[in-house]
Amino acid sequence: MPASMLSFELGDEQRLLAQTVREWAAREVAPRIGALDRAHQFDRGLLPQMAALGLLGVSVPVEYGGAGMDYVCLGLASEELEYVDTSLRVILSVHTALNSLTLLSWGSEDQKRRYLVPQAQGRTIATFGLTESSAGSDARGIQTTAVKRGDRYLLTGEKMWISLADVADAFLVFAWSDIEKKRRRDPSGMSAFIVERGFRGVSTGTLTAKWGILAGNTGSVSLEAVEVPEENRVGHEGEGFRIAMSALDQGRYTVAAGATGLIRACRDASVAYAKVRRTFGVEIGSHQLVKEMIAQMESDYQAARLLWLRAGWLKNIGRRNTRETGLAKWFATAASERAAADAVQIHGANGYSDEYPVGRYYRNCKGAVIYEGTREIHKLMQADYLLGYRTDRSARCELPAVERMP
Ligand SMILES: Cc1cc2nc3c(=O)[nH]c(=O)nc-3n(C[C@H](O)[C@H](O)[C@H](O)COP(=O)(O)OP(=O)(O)OC[C@H]3O[C@@H](n4cnc5c(N)ncnc54)[C@H](O)[C@@H]3O)c2cc1C
């Protein structure tokens, strides 16, 4: 079928991938996730298994070590992983989407060979470092600097709230390379760099006070006059802000699809519970107010899924999708918060106990309403598109379209 034709059917490869991830996560992770979450434990042993399934380079072309699948497969994998736990999907978001697909779009051939290939094969793990304690939504507020010294940059600063901070081998870091532009908050003074854990001056730590996504790793990355060779600058000097924003198009996509999986998990747990819990002589599913919550979950699930699928389709055909991806992310994450709150409600006091998974869904969903553009930032973006205050200009480098459509 020509790529431009619309179809609501998944292709064979897409269906097989979704089924494989679903079965793997149900078998290898679901039975242990409650205990991992309670122990605040990130299980590194899952990474080689995800690599063996091709997930760590799922939409990276085969020539760069990936599985060569389309971007809908990346979304399907995200949805299936977050159906079991958000921490699994976060790995895809930072390693595969925010980091590896950014190297695919913006990296030099040498960077692709040195970093993208081992990442796509899962031999090394990578993440994305933009946020600092002083700056999240307002990315121009970062303080990290990159001072040029001959053929190197000296990076100094501290990144906060970085997923996989204590796990990753490589970090895609954003810093001001033009101090005068930093003072004027002109984003064309920012550059992007690949920083290896082994570079002198790099140290990381884990945030232990986090109350959600407890089976995931989140922390800080400290850079103390870290010498980064010029060949590790991604894109041109001054392109860092654009690169960060373009990376978010892929990260937000996985967050949207993942939150869709979380809504489905809430729906399925709620339906199962509503069929066994009885009050006033009937299954609680017979009560109209419980039905209302379950129906809302189904409506949110179906709508969220269509929105991320549309974004994936746009990526496949190589069309700019910042607006559609942002809408998918905003809708799915806001709806996942509603679904998780109602799933707890349907479970009554049992929902308030760790013996049931819905409490974990409730804690996990909130992060995604905050990271990769808060609910408020996405709301503003959608209004600005409509009001004509915001338009997307084409970037020098874009995510490559998928040539072989499934
Ligand atoms: C679990 C987790 C994992 C994360 N992983 C990563 C990662 O891997 N890499 C990374 O770089 N970052 C990561 N982050 C950081 C995340 O991207 C930021 O937290 C996010 O961008 C929000 O920034 P902030 O926390 O500084 O909130 P702020 O920007 O300080 O926002 C605070 C509040 O003010 C609102 N607000 C801000 N500006 C406006 C405005 N103009 N109009 C209306 N309301 C506004 C916000 O919506 C929010 O409600 C992670 C965060 C979490 C919680």
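Order of listing sets the numbers, starting from 1, for every ligand and every atom in it.
For ligand 1, the atoms closer than 4.0 angstrom to any heavy atom of I370 are 19 (O), 20 (C), 22 (C). The ligand atoms of ligand 1 that sit less than 4.0 angstrom from a heavy atom of I162 are 7 (C), 8 (O), 9 (N), 10 (C), 11 (O). Close approach to V94 involves these atoms of ligand 1, each under 4.0 Å from a residue heavy atom: 8 (O). The E372 neighbourhood of ligand 1 comprises atoms 17 (O), with distances under 4.0 Å to a heavy atom of that residue. Of all the atoms in ligand 1, the ones that sit under 4.0 Å from a non-hydrogen atom of L130 are 11 (O).
Judged purely by distance below 3.5 Å, without hydrogens or angles, the side chains of E23 and Q19 pair a donor atom with an acceptor atom. Looking only at atom types and distance, the side chain of E237 has no donor-acceptor partner in the side chain of S191 under 3.5 Å away. In the model, T254 has no side-chain atom that pairs as donor or acceptor with a side-chain atom of S78 under 3.5 Å.
In terms of protein heavy-atom proximity, atom 24 (P) of ligand 1 is nearest to G136 CA, 3.9 Å. Atom 44 (N) of ligand 1 has E376 CB, 3.7 Å as its closest protein atom, hydrogens excluded (heavy atom only). Among protein heavy atoms, atom 8 (O) of ligand 1 sits closest to S163 N, 2.9 Å. Looking only at heavy atoms of the protein, atom 2 (C) of ligand 1 is closest to Y371 CD2, 3.3 Å. Of all protein heavy atoms, the one closest to atom 42 (N) of ligand 1 is L380 CD1, 3.4 Å.
Within 6.0 Å of atom CZ in R27, more than 12 heavy atoms from other residues, nucleotides or ligands are found, so the atom counts as buried in its surroundings. Counted within 6.0 Å of CZ on R242, heavy atoms from surrounding residues, nucleotides or ligands total 12 or fewer; the atom is thus considered open. Residue-environment remark: CZ (R113) exceeds the threshold of 12 foreign heavy atoms within 6.0 Å.
Protein heavy atoms come within 4.0 Å of atom 10 (C) of ligand 1. Protein heavy atoms are absent from the space less than 4.0 angstrom from atom 30 (O) of ligand 1. For atom 35 (C) of ligand 1, no protein heavy-atom neighbour is found at a distance under 4.0 Å. In this structure, atom 6 (C) of ligand 1 is in close contact with the protein, since a protein heavy atom lies within 4.0 Å of it.
Classification of R264 and E79 as a salt-bridged pair holds, one side-chain N sitting under 4.0 Å from a carboxylate O.
The distance criterion of under 3.5 Å between nitrogen or oxygen atoms is met by W161 with respect to ligand 1. For a threshold of 3.5 Å applied to N or O pairs, the pair formed by T131 and ligand 1 contains at least one separation below that value. Residue-to-ligand polar distances keep K210 apart from ligand 1: every N/O pair is separated by 3.5 Å or more. Ligand 1 has no nitrogen or oxygen under 3.5 angstrom from a nitrogen or oxygen of G129.
Using a distance-only test at 3.5 Å, with no hydrogens or angles considered, no donor-acceptor pair links the side chain of H40 to the main chain of A215.
Each of D166, T206, T204 was scored for a side chain to side chain donor-acceptor pair (under 3.5 Å) with N217, with one residue passing: T206.
Separation of the F174 and F241 ring centroids does not fall under the 6.0 Å cut-off.
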(request) Please assess F171 against F128 for the test ring pair (Phe, Tyr, Trp, His ring centres under 6.0 Å), listing each intermediate value before the final yes or no. (result) CA-CA 6 Å; F171 306 87; F128 179 85; over 10 Å; no
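A cation-pi arrangement is present between R267 and Y301, with the terminal nitrogen or guanidinium carbon under 6.0 Å from the aromatic centre and inside a 45° cone about the axis.
Across the listed options L207, I377, D138, I377 owns the non-hydrogen atom lying nearest to atom 38 (N) of ligand 1. For atom 22 (C) of ligand 1, the nearest non-hydrogen atom from the set T127, V221, T374 belongs to T374.
At a 4.0 Å cut-off, at least one heavy atom of S137 sits close enough to ligand 1 to count as contact.
The aromatic rings of H347 and Y273 lie parallel to each other, their planes meeting at an angle below 30°, with 60° marking the opposite boundary.
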